[in-house]
Amino acid sequence: MYRTNTCGELRRDHAGQEVTLSGWVDKYRDHAGIVFIDLRDRYGKTQIKFNLEDNSDTQKLARGLRYEDVIQVTGDVVARPDDMINPKLSTGEIEIRVKTLKLLSKSATPPFVIDQADLPNEELRLKHRVVDLRRPELQKAMILRHQFTKLVRDYFDEQGFLDIETPILGKSSPEGARDYLVPSRVHPGCFYALPQSPQIFKQLLMCAGYDRYMQIARCFRDEDLRADRQPEFTQIDVEMAFVEQDDVLSVIDGLIVRMLKELKGIDYPAKLPRYTYADVMERFGSDKPDMRFGMELHDLGDIAKTCGFGVFSKTIESGGRVRGLVAPQAAEKYSRKMIDELTAFVGDYGAKGLAFFRVNENGLDSPIAKFFDESHQQAIISRLGAQPGDLIFCVADKQSVTSAALSALRNRLGRELKLYDPSSFSCLWVVDFPLLHFDAESQRWVAEHHPFCYPHPDDVALLTTDPGKVRAQSYDLVVNGYEAASGSIRIHDAKIQQQVFDLLNIKAEEAELRFGFLLEGLRYGAPPHGGIALGLDRWVMLLCGYDNIRDVIAFPKTQKASDLLSGAPSEVDEHQLKELSIKVDLPEELS
RNA sequence: GGCCCUGUAGCUCAAUUGGUUAGAGUACCGGACUGUCGAUCCGGUGGUUGCGGGUUCGAGCCCCGUCGGGGUCGCCA
């Protein structure tokens, strides 16, 4: 038997017992006559000690132990004297007086020390993920991830959902994200695609009568990575039949409230607040606003129109917008140089400039203040509710640019000005997304969510008259500024589906080719249905309070989608390619 | 594909802004030490400054290219 207890469980009550522990050497403190070792496993650390008078051979062996050696010890649990209790350890009231020591596995010198205050750079951590995964921060994430998925499964089970698996090897569809492809050996020249999500299969399950489905599903998208995006990620995929939007939202409300309570001890109102897309876009400039703080956007169009500042008035004349926000008590905190930096920052979002005003007792102070007379200055102050000491920022541009620039600025200022508690949570629904948007590049309507999204019942008539105004029965769950879930009610009515396809300029033949197996499923008695998918990795990231998704994935990939641990992706043998009827044709600069 | 940051000892960082033999802490190796818990003290090993070019009397530092890592815009139905 390798152990009778773990390294995290022994307390004062255990004093006097003989125990056997196994684990990793976390620290060693060698005093020649007495040697202390902190023994670690995933449950905690226990101090073990070796006395010269107890057993000089064992003590000699103990002195040679180094970081990450794996050992087994047997000895007696001893209560520590009061002045030697270590309050930093849960096991700090006891220690093990070792009688026998066995070296189970000698470690090579590790590439970095786990308890080091300065974290090694991420490249090294990913290369040596085995060592990295021993760090408490990653262990916390893995444990929380497990607790989260268990809670999710339990919750949906209680609600009558069935966990059903869907294929990993599927059919490629050109819409949406780029597919990861898998060549078929038995069908030369043909490829499977890895699922971007189990979307169509879960709709087919609804048609088949499995009216409450859930799955913790791995999804794959070959798009560029971000701090919160990996090429393979995990969704909590949910679909329900005979439901309206409110039914889906209520089920998820219940999940979120329970999860925040059980995993974070946070009491959240039983029903998460709901906002319309139009509302949050106007007030926050984003469809995923971080509502842990205010600092809302305000429209200054009417004031800008008549002011003396040409950039503003001309923007309004040409159909653009002037909007602004107030950074509370930031006038002194942001120097001209820092504001220049913010100007460059909003430039990334297309803003050609960033107007600013420092608010003082008499009005506005700014290089462009002279273009605003007393009444215009007061109008701006009163519209924004600004106080002396505040700093006002404005962007004048087409609507989409004012939204993108100001929402990014808002997030940045909120963080820099510490306007919220980073450990708090703000969860909300955004509903009534537009069904379609007009893509200027391809000069056509494209689906905002996907082509199977049901239009808002009040807007069906608009499909033929004003498609851009049609709202969808789709919804996002937004947490701390992240899209944490997204879903919709699907079309189960062939006539409306046809209308949407027509709008998207998808011909019947093409629809049959691309989504034929879904349309086929919808043909034989499709119940009204809808669903949602939660981003598991993002949720765990948020629950841990981390700012990147890699720290909640055991073996993540880098920004270039490589796995530094295994070396994937890699070239394969010629005979493997031949078997798959594949010839590699590298671009010239790589060959 | 664009923009920005980054790469110096096993690790975390420094190097007076182009100037002597590239330093410190930690890890590692050796020694001392019987109550430490970031143990302490003494000594030692350890470097093609990511790689390749260039400018210069002289490059860790400047320039060009390239590779890796990170952030972000585009992209992600």
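Proteins get letters first, then strands, A, B, ... in listed order; numbering begins at 1 in each.
Near-neighbour residues of RNA chain B inside residues 30-37 of chain A, defined by a heavy atom below 4.0 Å, number-ordered: A/D30, A/H31, A/A32, A/G33, A/I34, A/F36. If you check residues 45-70 of chain A against RNA chain B, the residues with a heavy atom closer than 4.0 Å are A/Q47, A/K49, A/E53, A/R63, A/R66, A/Y67, listed by number.
Between A/R226 and the phosphate of B/rC73, there is a side-chain N or O to OP1/OP2 separation shorter than 4.0 Å. Here A/N548 does not reach the OP1 or OP2 of B/rG70: none of its side-chain N or O atoms lies under 4.0 Å away. Considering only side-chain N and O atoms, A/K88 lies under 4.0 angstrom from the phosphate OP1 or OP2 of B/rG38. A close approach under 4.0 Å does occur between a side-chain nitrogen or oxygen of A/T558 and OP1 or OP2 of B/rG69. Between A/Y28 and B/rC28, a side-chain N or O to OP1/OP2 separation shorter than 4.0 Å is present. Close to B/rG70, at under 4.0 Å from its OP1 or OP2, lies no side-chain N or O of A/R229.
Applying the salt bridge (Lys or Arg N to Asp or Glu O under 4.0 Å) rule to pairs touching residues 48-62 of chain A yields A/K49-A/E95, A/D54-A/R97, sequence neighbours excluded.
Both the sub-6.0 Å distance and the 45° axial angle are satisfied by A/R412 relative to the ring of A/F345.
Using a 4.0 Å heavy-atom cutoff across all strands shown, A/Y349 reaches sugar-phosphate atoms only and no base atom.
Taking atom P on both nucleotides, B/rG35 is separated from B/rG70 by 47 Å, rounded to a whole Å.
Distance CZ (A/R29) to P (B/rA27): 13 Å, rounded to an integer number of Å. In this structure, the CG atom of A/L124 is 12 Å from the C1' atom of B/rG7, given to the nearest Å. Here the C1' atom of nucleotide B/rU6 and the CG atom of A/D118 are 16 Å apart, to the nearest Å.
On a pure distance criterion of 3.5 Å, a polar donor-acceptor pair joins the side chain of A/Q559 and the base of B/rG71. Between the side chain of A/D224 and the base of B/rG74, at least one donor-acceptor pair of N or O atoms lies under 3.5 Å. The base of B/rG35 lies close enough to the side chain of A/E95 for a donor and an acceptor atom to sit less than 3.5 Å apart. With hydrogens and angles ignored, a donor-acceptor pair under 3.5 angstrom links the side chain of A/N86 to the base of B/rC37.
With its glycosidic angle within 90° of 0, B/rU17 adopts the syn conformation.
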